[in-house]
Trainee: 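First the structure, which I've put down as structure tokens, then a few questions once you've had a look.
These values consider heavy atoms only, across backbone and side chains, with no hydrogens, waters or symmetry-generated copies.
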Amino acid sequence: MADRLAKLSAEKAVVIFTMSQCSMSHTVASLFSDLGVCAAVHELDKDPWGRDMERELARRLGRSPPVPAVFIGGKLIGSTDRVMSLHLSGKLVPMLKGAGAMWL
């Protein structure tokens, strides 16, 4: 499962693993969209390997549920709290630019 996560998490500059009915997942995806980032979004509850990926993400993040789980530049950044902390501190946009997710 780690190989599948590695492959999916590197398919775009920003990749978000979510659950379709998770309000925090929607909030994080909306933030990236508002910043002009076209993120790849994988809804674990709609993926045949979703449960296994969910367990692997929970192990990596040390929390359950592990969604949303955000990867930037193929690196696991974290969940909502980490993304919002980076955004509020002004560190998210430079990180996104460095990963090629945004140009301006």
Side-chain angles (χ1 to χ4, degrees):
M1 201 45 47
D3 291 342
R4 181 165 171 76
L5 272 175
K7 180 181 175 186
L8 292 174
S9 65
E11 72 183 352
K12 278 193 153 187
V14 176
V15 179
I16 309 168
F17 291 92
T18 69
M19 293 287 193
S20 59
Q21 298 299 315
C22 174
S23 61
M24 287 293 101
S25 293
H26 176 73
T27 299
V28 168
S30 293
L31 170 65
F32 286 109
S33 179
D34 290 348
L35 291 172
V37 173
C38 184
V41 178
H42 295 282
E43 294 180 340
L44 296 177
D45 53 330
K46 295 184 177 179
D47 187 301
W49 299 102
R51 287 219 187 262
D52 293 331
M53 288 191 291
E54 183 179 358
R55 279 192 288 275
E56 176 62 19
L57 288 167
R59 185 190 68 74
R60 290 185 189 189
L61 288 169
R63 62 182 276 177
S64 187
V67 295
V70 176
F71 288 77
I72 297 176
K75 178 182 173 195
L76 179 60
I77 300 304
S79 195
T80 308
D81 53 347
R82 179 77 174 124
V83 170
M84 292 305 183
S85 176
L86 287 168
H87 183 54
L88 293 173
S89 68
K91 296 177 183 173
L92 182 61
V93 168
M95 186 181 290
L96 292 168
K97 288 179 181 176
M102 56 189 311
W103 291 263
L104 301 174

Trainee: Return yes when atom CZ of R51 has more than 12 non-hydrogen atoms of other residues, nucleotides or ligands closer than 6.0 Å, and no otherwise.
Mentor: no

Trainee: Can you see which heavy atom on L86 is nearest to which on S89, and at what distance?
Mentor: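 Answer, listing the atom of L86 first, then S89: O-OG, 3.1 Å.
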
Trainee: Check this for me, if you would: do E11 and K7 make a salt bridge, where the nitrogen-to-carboxylate-oxygen distance has to be below 4.0 angstrom?
Mentor: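 The answer is no: the pair does not qualify as a salt bridge.
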
Trainee: Looking at A99 and I72, what are the two nearest heavy atoms and their distance?
Mentor: CB-CG2, 3.7 Å

Trainee: Side-chain contact, heavy-atom cut-off 4.5 Å: I77 with L92?
Mentor: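 Result no, sub-4.5 Å side-chain heavy-atom pair not found.
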
Trainee: Is there a donor-acceptor pair under 3.5 Å between the side chain of S79 and the backbone N or O of P68?
Mentor: yes

Trainee: Is there a chain of hydrophobic side chains (I, L, V, M, F, W, Y, each step under 4.5 Å between heavy atoms) that links F71 to M95?
Mentor: no

Trainee: Compare every heavy atom of P66 with every heavy atom of E54, then report the nearest pair and how far apart it is.
Mentor: O-CG, 3.4 Å

Trainee: Is there a chain of hydrophobic side chains (I, L, V, M, F, W, Y, each step under 4.5 Å between heavy atoms) that links M102 to L31?
Mentor: yes

Trainee: Testing the basics here: between G78 and L61, what is the closest heavy-atom pair and its distance to 0.1 Å?
Mentor: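 In this case the closest contact between G78 and L61 is CA-CD2, 3.7 Å.
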
Trainee: Is there a side-chain contact between S25 and I16 (heavy atoms, below 4.5 Å)?
Mentor: no

Trainee: Taking V28 as the starting point, is it possible to reach V14 by hopping between hydrophobic residues whose side chains are less than 4.5 Å apart?
Mentor: yes

Trainee: Would you check if the side chain of S9 reaches a backbone N or O of L5 as a donor-acceptor pair within less than 3.5 Å?
Mentor: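 Yes: the side chain of S9 pairs with the backbone of L5.
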
Trainee: Linking I/L/V/M/F/W/Y whenever any side-chain heavy atoms sit under 4.5 Å apart, do L44 and M24 land together?
Mentor: no

Trainee: Where do R63 and P65 come nearest, in terms of heavy atoms and distance?
Mentor: NE-O, 3.6 Å

Trainee: Can you tell me how far CZ of R82 sits from NZ of K91, rounded to the nearest 0.5 angstrom?
Mentor: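 If I round to the nearest 0.5 Å, the distance is 7.5 Å.
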
Trainee: Is it the case that the side chain of S85 and the backbone of D81 share a donor-acceptor pair, with hydrogens and angles ignored and the cut-off at 3.5 Å?
Mentor: no

Trainee: Going by the angle between their ring planes, with limits at 30° and 60°, are H42 and F17 parallel, tilted or perpendicular?
Mentor: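 Rings of H42 and F17: parallel, as their planes differ by under 30°.
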
Trainee: So, taking the atom named OG1 in T80 and the one named NE2 in H87, what distance separates them when rounded to the nearest 0.5 Å?
Mentor: 13.0 Å

Trainee: Hey, quick one: are L8 and M19 part of the same hydrophobic cluster, counting side-chain heavy atoms closer than 4.5 Å, chains of contacts allowed?
Mentor: yes

Trainee: Which distance, rounded to the nearest 0.5 Å, do you find between the CG of D52 and the CZ of R55?
Mentor: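 Answer for the CG-CZ pair, D52 versus R55, is 4.5 Å.
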
